[in-house]
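Lettering of chains follows the sequences in order, A, B, ..., and the numbering in each one begins at 1. From a predicted model like this one, the values you see are computed outputs, not experimental measurements.
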2 protein chains.
Amino acid sequence: MRMTPQRAAVLQAVRARRWHPSAHEVYDVVRRQIPKISLATVYRNLEELVGAGKLKRLQGVGRERRYEGWLKPHYHVCCVECGLVEDVDLEMDHSVEKRIEGLTGYEIFDQSVELIGLCPHCRKTVEESHARKS
Amino acid sequence: MRMTPQRAAVLQAVRARRWHPSAHEVYDVVRRQIPKISLATVYRNLEELVGAGKLKRLQGVGRERRYEGWLKPHYHVCCVECGLVEDVDLEMDHSVEKRIEGLTGYEIFDQSVELIGLCPHCRKTVEESHARKS
DNA sequence: TCCAGAAATAAGAATTATTACCAGAAATTA
DNA sequence: TAATTTCTGGTAATAATTCTTATTTCTGGA
Ligand SMILES: [Mn+2]
Ligand SMILES: [Mn+2]
Ligand SMILES: [Zn+2]
Ligand SMILES: [Zn+2]
């Protein structure tokens, strides 16, 4: 796999922050650097970088596919209200993997854990609207 | 929410087996009972049943949205090779939820855990192709 | 250095999954 | 019964992703 300017820009855009951009969001970022880049090139390179193990694909929260530059396994918290998906910097517990390998006969090599709830901001909003009703 | 024949058939189709059907797969099943049912009705009712807490939506593995009739929280094993998603009947560990609530300020009320790997069948296929190469 | 693939690109068409819309049917209410 | 509400089937529209094709860029050997 050649490292073209387009491909490098895509990789860097996803790695940049701890962020989980969709293809279109990556496109918007990369376009500032390479204005003529095609959306199809972004899609293609995202998938190729996943294939090469340089990016991960997020288990779909929401409609679009999202990508991940932080390769270390980690938990995600997802807000059902605003759609935010944030990383949690906490050592992951892998003990369940072994147990499930024995139970199912699968060979497990990764784990995707999303904690579903309300972010601090939406929590406030929801509590206020409850108070208004009662 | 009225329980119309269409809605009941959709609910029953998802509950039937421990399976994770897409809207179109539900459509194919329900159509045998109600041949004139519209695909839009299936989509609409699936979402309404999720809203009413009678079905759950699966965190997207693959491109279509999948639905779940087994409401008890449980682990899923996903095969990267063939796309199979299976239930694991094992009591879930909820201890991490509390820890993450404290850490992030989120209010967590659900958890979605997918164990990514190879199903017993694909495992065999992959091992054989490795042997052939060497 | 020049050339012949091979690999990658931009642009846009096509495909797929989902949602929106609407007119009429069915159920509910007064 | 008549008015109102809810739901349905059919179809059009939208959004995300993939495919196609002509063109450009790169690489390794003559
Ligand atoms: Mn992450
Ligand atoms: Mn399940
Ligand atoms: Zn939020
Ligand atoms: Zn498999």
Which of D:dT8, C:dT18, C:dA8 is nearest the side chain of A:Arg2? It is C:dA8

Here the distance between atom P of D:dT27 and atom CE of A:Met1, to the nearest Å, is 13 Å

Point to revise | Exercise: do B:His76 and B:Asp87 side chains pair donor with acceptor under 3.5 Å | key: yes

**Item:** Carboxylate-amine/guanidinium proximity below 4.0 Å for A:Lys72 and A:Glu91
**Value:** yes

For residues 49-58 of chain A, the side chain to side chain donor-acceptor pair (under 3.5 Å) pairs (sequence neighbours left out) are A:Glu47-A:Arg57

>> As a quick check of understanding, evaluate side-chain contact (heavy atoms from CB on, under 4.5 Å) for B:His74 and B:Met92, giving each step before the final call.
In response: CA-CA 6 Å; B:His74 57 276; B:Met92 242 188 175; 5.7 Å; no

Expected list for residues 20-56 of chain A near DNA chain D, using heavy atoms below 4.0 Å, is A:Ala40, A:Tyr43

Separation of D:dT8 atom P from B:Gln6 atom CD, nearest Å, is 5 Å

We want to know whether A:Thr41 and A:Arg44 form a side-chain donor-acceptor pair, criterion being a heavy-atom distance below 3.5 angstrom.
yes

Between CE of A:Met3 and P of D:dT27 the distance, given in whole Å, is 13 Å

*Less than 4.0 Å between a side-chain N and a carboxylate O, is that true for A:Glu101 and A:Arg99?*
no

Taken to the nearest whole Å, CZ/B:Arg7 to C1'/C:dA27 is 12 Å

Phosphate OP1/OP2 of C:dT9 contacted by A:Thr4 side-chain N/O (<4.0 Å):
yes

